[in-house]
Amino acid sequence: MAEAAFRQGYTALGFSCHAHTSYESFTMSPDATEKYKADIHRLKAEYAGKMDILLGIEQDIFSDLPTVDYEYVIGSTHSLLIDGAYHAVDAPSITETVKTEFGGDWYALTQAYFMLHSTIIDVTSCDIVGHFDVVRRFNADDRYFDTANPRYRSAAIDALTETLKKCRVFEVNTGGMYKGGLEEQYPQTWLLRELLERGGEVILASDSHDIVSLGYKFADMEGLLRSVGFDHRLTLTPDGFAAVKL
Ligand SMILES: [Zn+2]
């Protein structure tokens, strides 16, 4: 991954593996977490003077390991916790969850997601808000719920407003476009407008799990951000965030 990024001219590359959770098999085990940190430190040394390697973590709202060893933290919500059971919002099982837990009401489910995600800063103390509307992951072409529905939008706006009180940096994430055939990035363009109006900042992320998706659609995203009215985006450096003119 680092070699591919370096060849493509990247000056910095951040790694943010999924933090350990007790209930999801794809997340890093505590042992794997230690190995991950060691691996990234080794890469840092290897690329010193050529490309900045940053050690980050994607901290799930239900992660149970601390975030102290990382240079940046992305805070993400992947599941709802209902009556002691976890229900993923970014898995196909969401179509079952809506039936069993929400009586088939997609807007009740999305509202529950946004309410939970609006607490992400308090829970994870993250630097960057991860895939803000990931609840759309399996909603390509609005097949299950209408993202223009006032119930959906007001829940999203409430969460956005609440989140912005504590963290201003939101990820513009193309992972769902690459993996899930979504026509829009996270957050959707109408949400980016709301974000800009409220003084939010954006940083690009491709949520890459492979080399091919590295920087996926970043040029398109920069054009989109310009059209929305952003005059800069943020990037991460070893000294923290820096602005990049759009
Ligand atoms: Zn995620």
Side-chain angles (χ1 to χ4, degrees), residues 1 13-30 32-33 36-37 40 54-67 70-81 86-94 97 109-110 112-140 147 156 159-160 163 167 169-182 184-188 191-192 195 200 202-218 221 234 236:
M1 188 76 88
L13 179 67
F15 287 86
S16 50
C17 268
H18 285 276
H20 172 68
T21 58
S22 56
Y23 65 96
E24 271 173 329
S25 56
F26 67 86
T27 61
M28 292 187 290
S29 68
T33 305
Y36 165 64
K37 290 183 208 169
I40 302 300
L54 296 164
L55 171 59
I57 191 85
E58 184 182 358
Q59 186 77 352
D60 184 272
I61 200 158
F62 299 119
S63 293
D64 47 8
L65 291 181
T67 58
Y70 302 100
E71 292 169 282
Y72 69 98
V73 177
I74 301 175
S76 296
T77 300
H78 299 99
S79 301
L80 302 173
L81 177 58
Y86 294 99
H87 298 269
V89 295
D90 61 346
S93 57
I94 192 172
T97 301
L109 184 153
T110 55
Y113 164 78
F114 280 120
M115 274 182 70
L116 179 63
H117 197 44
S118 71
T119 66
I120 193 78
I121 318 294
D122 299 318
V123 178
T124 66
S125 304
C126 59
D127 306 296
I128 301 168
V129 179
H131 45 55
F132 181 74
D133 49 354
V134 75
V135 72
R136 291 167 40 234
R137 173 74 171 79
F138 285 88
N139 194 47
T147 51
L160 191 74
T163 306
C167 179
V169 186
F170 284 61
E171 177 189 71
V172 173
N173 180 317
T174 56
M177 302 171 89
Y178 178 72
K179 290 180 284 195
L182 289 182
E184 283 185 74
Q185 69 293 328
Y186 309 121
Q188 280 183 300
L191 272 168
L192 290 174
L195 186 66
V202 287
I203 186 163
L204 296 178
S206 52
D207 211 332
S208 292
H209 293 62
D210 57 34
I211 290 168
V212 184
S213 61
L214 198 61
Y216 183 69
K217 287 193 181 282
F218 275 13
M221 289 302 109
L234 297 182
L236 266 170

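Residues take their numbers from the sequence shown, with the count starting at 1. Order of listing sets the numbers, starting from 1, for every ligand and every atom in it.
For Met1, the CE atom is densely surrounded, since the number of other residues' heavy atoms within 6.0 Å is greater than 12.
Remark: aromatic rings of Phe15 and Tyr36 are distant, center separation not under 6.0 Å. A distance below 6.0 Å separates the ring centres of Tyr178 and Tyr216.
Checked by atom type and distance alone, the side chain of Ser208 pairs as donor or acceptor with a backbone atom of Leu214 at under 3.5 Å. Asp133 places a side-chain N or O within 3.5 Å of a backbone atom of Gln188 that can act as its donor or acceptor partner.
Less than 2.8 Å away from the Zn ion (ligand 1), the protein contributes these N/O/S atoms: Glu58 OE2, His78 NE2, His131 NE2.
Using cut-offs of 30° and 60° on the angle between ring planes, the pair Tyr23 and Phe62 is perpendicular.
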